[in-house]
Peer 1: 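The structure follows.
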Amino acid sequence: MFIGAIADDLTGATDLALMLARGGLRVTQLVGLPDADFQAGDAQAVVVSLKTRTIAADEAVAQSVAAAKTLLAQGAEQLFFKYCSTFDSTDRGNIGPVIDALMTLCGTSHTIACPAFPANGRTVYRGHLFVGDELLSDSSMRDHPLTPMRDANLVRVLARQSVTRVSLVANDVLTRGADALKARFDELDGIAIVDAITDEDLKTIGEACRGMKLITGGSGLAIGLPRNFVEDAELAPLPETMNAPPGRCAILAGSCSTMTRRQVEFAEKAEVPTLPISAMAIASGEIVPEHAVEFVLAQGENETPVVYSSATPEAVRVAQDALGREKAGEIVETFMAEVASALCRRAVSRLIVAGGETSGAISAALGLKALKIGPEIAPGVPWTLADGPAGPLALALKSGNFGNEDFFLKAWEHLQ
Ligand SMILES: Nc1ncnc2c1ncn2[C@@H]1O[C@H](COP(=O)(O)OP(=O)(O)OP(=O)(O)O)[C@@H](O)[C@H]1O
Ligand SMILES: O=C(O)[C@@H](O)C(=O)CO
């Protein structure tokens, strides 16, 4: 195994697995911690999908270290800790504490942190993270329900979470090429936030990471890695379509991110059947999972109904003020998980889920163990195949802000 990766959420793991597969590596994506008897077999990269982004830091550390130990025991040459391209975290973690612990595990004095993903508009310049044309702190991420990001200076953000020294390797070093960058990495002490604006930058960084035991970042960081292990590896287009199990389609959106909200609106305008739910309606018992299941199953067999809790920051705030931030998130996740579980045990075999936490809750309820990466629907979002509770399941796990407006309409075109 060349690369052993640990991702802090499921959509992020799928995003990384897609990038590594596009780079020509044989990738296995696991859901949850590997079983004790896990064997990597002929996989060149293994991505362990955890749900550790917003749990208590010590638990996130424990799970990440356990995953890392298994990956190292299976021969991983390089460890990759994958977090969100918008650096989703709080001052308590969990990016800093997990990096600290993985550095200790690897016995290394330095690593890098680079969330850049230019294809999705995430760039890092002078240590500041941009989302499109906006600083992270001016973007819609400032109102994320669980990890509001109000500081774009990643050196400052990570320094608040980590006990390790955090510094910056800025763009000017990058422009001197991979050898100069590698020389800088070799003399690093602690964690370096690394600037990256283009895919070319990420390729240079990837090359400079050759031999580094631990690297951390977004999926963009994987663009340049396969060539360190397989000389002629190139970004390769994946097959355009996938054979999917016959059955009904459904979309469950638990993301409140701007793009998911636009995708829901777009689907509504296109007269796709939609069912809005809210944390307050779930909490009061006004709506129960069976209502949503019945709604989906009552639609025509060729429909792609959407059940969504996606809501404006104001509506989310009302729910959080009434229920508490964690509780509000948890009851929506549990609701979506129960709906998915019932649907996949009945007629649904093609499912799109929007939101990483939501995807994590759903995959746990479905008892998924592994995902096979299929065609790319949008940057960072592939179709995948899984063994569902009632047979094979085609699953697209979409990060909240990924995909175009028409994602919920067009994604199906990749299935046969
Ligand atoms: N209407 C709502 N009110 C309060 N909380 C909600 C509501 N809808 C969803 N949530 C919660 O908000 C969180 C959204 O996180 P999730 O990771 O699923 O989406 P995301 O952050 O947009 O996606 P990603 O992490 O892939 O970018 C979940 O915990 C979800 O349960
Ligand atoms: O990096 C990203 O933006 C995504 O893969 C993700 O982690 C969203 O949860």
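Read the numbers this way: they start at 1 and go in the same order the structure lists the ligands and their atoms.
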Peer 1: Report the nearest protein non-hydrogen atom to atom 18 (O) of ligand 1: residue, atom name, distance rounded to 0.1 Å.
Peer 2: T358 OG1, 2.6 Å

Peer 1: Applying a heavy-atom cut-off of 4.0 Å, say which part of Q320 lies close to ligand 1: side chain, backbone, both or neither.
Peer 2: neither

Peer 1: State, to 0.1 Å, how close C249 and V296 come at their nearest heavy-atom pair, and which atoms those are.
Peer 2: O-CG1, 4.4 Å

Peer 1: So which heavy atom in the protein is nearest atom 17 (O) of ligand 1, and how far is it from that ligand atom?
Peer 2: E357 N, 2.7 Å

Peer 1: Side chain, backbone, both or neither: which part of F402 has a heavy atom under 4.0 Å from ligand 2?
Peer 2: side chain

Peer 1: Would you mind checking which non-hydrogen protein atom is closest to atom 13 (C) of ligand 1, with the distance to 0.1 Å?
Peer 2: L146 CD1, 3.9 Å

Peer 1: Would you say G329 and ligand 1 have an N/O pair spaced under 3.5 Å apart?
Peer 2: yes

Peer 1: With a 4.0 Å heavy-atom cut-off (strictly under), which part of T86 contacts ligand 1: side chain, backbone, both or neither?
Peer 2: neither

Peer 1: When you compare ligand 2 with D15, is there at least one nitrogen or oxygen pair between them that comes in under 3.5 angstrom?
Peer 2: yes

Peer 1: Applying a 4.0 Å heavy-atom criterion (strictly less than), which segment of T260 is in contact with ligand 1: side chain, backbone, both, or neither?
Peer 2: neither

Peer 1: State, to 0.1 Å, how close W383 and L351 come at their nearest heavy-atom pair, and which atoms those are.
Peer 2: CZ3-O, 3.7 Å

Peer 1: Quick check: E333 and ligand 1, any N/O pair under 3.5 Å apart?
Peer 2: yes

Peer 1: For atom 4 (C) of ligand 2, what's the nearest protein heavy-atom neighbour? Residue, atom name and distance, please.
Peer 2: S399 OG, 3.3 Å

Peer 1: When you look at CD of E290, are more than 12 heavy atoms from neighbouring residues, nucleotides or ligands closer to it than 6.0 Å?
Peer 2: yes

Peer 1: Do T384 and Q29 meet the criterion of a side-chain donor-acceptor pair at a distance under 3.5 Å?
Peer 2: no

Peer 1: Using a plain distance cutoff, I'd like to know if R53 has any nitrogen or oxygen under 3.5 Å from a nitrogen or oxygen of ligand 2.
Peer 2: yes

Peer 1: Can you name the atoms of ligand 2, numbered from 1 with element, that are less than 4.0 Å from a heavy atom of D9?
Peer 2: 7 (O), 9 (O)

Peer 1: Any N or O on E330 sitting closer than 3.5 Å to an N or O of ligand 1?
Peer 2: no

Peer 1: Give me the residue, atom name and distance of the protein heavy atom closest to atom 30 (C) of ligand 1.
Peer 2: G254 O, 3.6 Å

Peer 1: Looking at atom 1 (N) of ligand 1, what's its closest protein heavy atom, distance included?
Peer 2: S309 O, 2.9 Å

Peer 1: Any N or O on D88 sitting closer than 3.5 Å to an N or O of ligand 1?
Peer 2: no

Peer 1: Counting both backbone and side chain atoms, is some N or O of G356 under 3.5 Å from an N or O of ligand 1?
Peer 2: yes

Peer 1: Determine, using heavy atoms of C84 and all atoms of ligand 2, whether some pair is separated by less than 4.0 Å.
Peer 2: yes

Peer 1: Can you tell if the side chain of L371 reaches within under 4.5 Å of the side chain of V31, non-hydrogen atoms only?
Peer 2: yes

Peer 1: Is the shortest distance from a Lys or Arg side-chain nitrogen in R262 or E265 to a carboxylate oxygen in the other one below 4.0 Å?
Peer 2: no

Peer 1: Using side-chain hydrogen bond (donor to acceptor under 3.5 Å, both in side chains) as the criterion, point out the one residue from T260, D15, T11 that pairs with K398.
Peer 2: T260

Peer 1: Among all protein non-hydrogen atoms, which one is nearest to atom 25 (O) of ligand 1, and what is the separation to 0.1 Å?
Peer 2: R53 NH1, 3.3 Å

Peer 1: I want to know whether F408 and Y308 have ring centres closer than 6.0 Å.
Peer 2: no

Peer 1: Quick one: CZ on R122 to SG on C84, what's the gap to the nearest 0.5 Å?
Peer 2: 6.5 Å

Peer 1: Considering only protein heavy atoms, which is closest to atom 3 (N) of ligand 1, and at what distance to one decimal place?
Peer 2: A279 CB, 3.8 Å

Peer 1: Applying a 4.0 Å heavy-atom criterion (strictly less than), which segment of P145 is in contact with ligand 1: side chain, backbone, both, or neither?
Peer 2: side chain

Peer 1: Which part of T11 is near ligand 1, with near meaning a heavy atom under 4.0 Å away: side chain, backbone, both or neither?
Peer 2: side chain

Peer 1: Could you find the nearest protein heavy atom to atom 1 (O) of ligand 2 and give me its residue, atom name and distance?
Peer 2: S85 N, 2.8 Å

Peer 1: Among all the protein's non-hydrogen atoms, which is closest to atom 21 (O) of ligand 1, and how far away is it?
Peer 2: H144 NE2, 2.5 Å

Peer 1: Indicate yes or no: does an N/O atom of S219 lie under 3.5 Å from an N/O atom of ligand 2?
Peer 2: no

Peer 1: I want to check something: taking the side chain as every heavy atom from C-beta on, are C344 and L393 in contact at a cut-off of under 4.5 Å?
Peer 2: yes

Peer 1: Work out which heavy atom in E240 is nearest to a heavy atom in H414; give both atom names and the distance.
Peer 2: O-ND1, 2.7 Å

Peer 1: Return a yes/no value for I277: is any of its N or O atoms, backbone included, closer than 3.5 angstrom to an N or O of ligand 1?
Peer 2: no

Peer 1: Provide the number and element of each atom of ligand 2 under 4.0 Å from a heavy atom of T11.
Peer 2: 8 (C), 9 (O)

Peer 1: Is it true that E268 and T274 share a donor-acceptor pair across their side chains at a distance under 3.5 Å?
Peer 2: yes

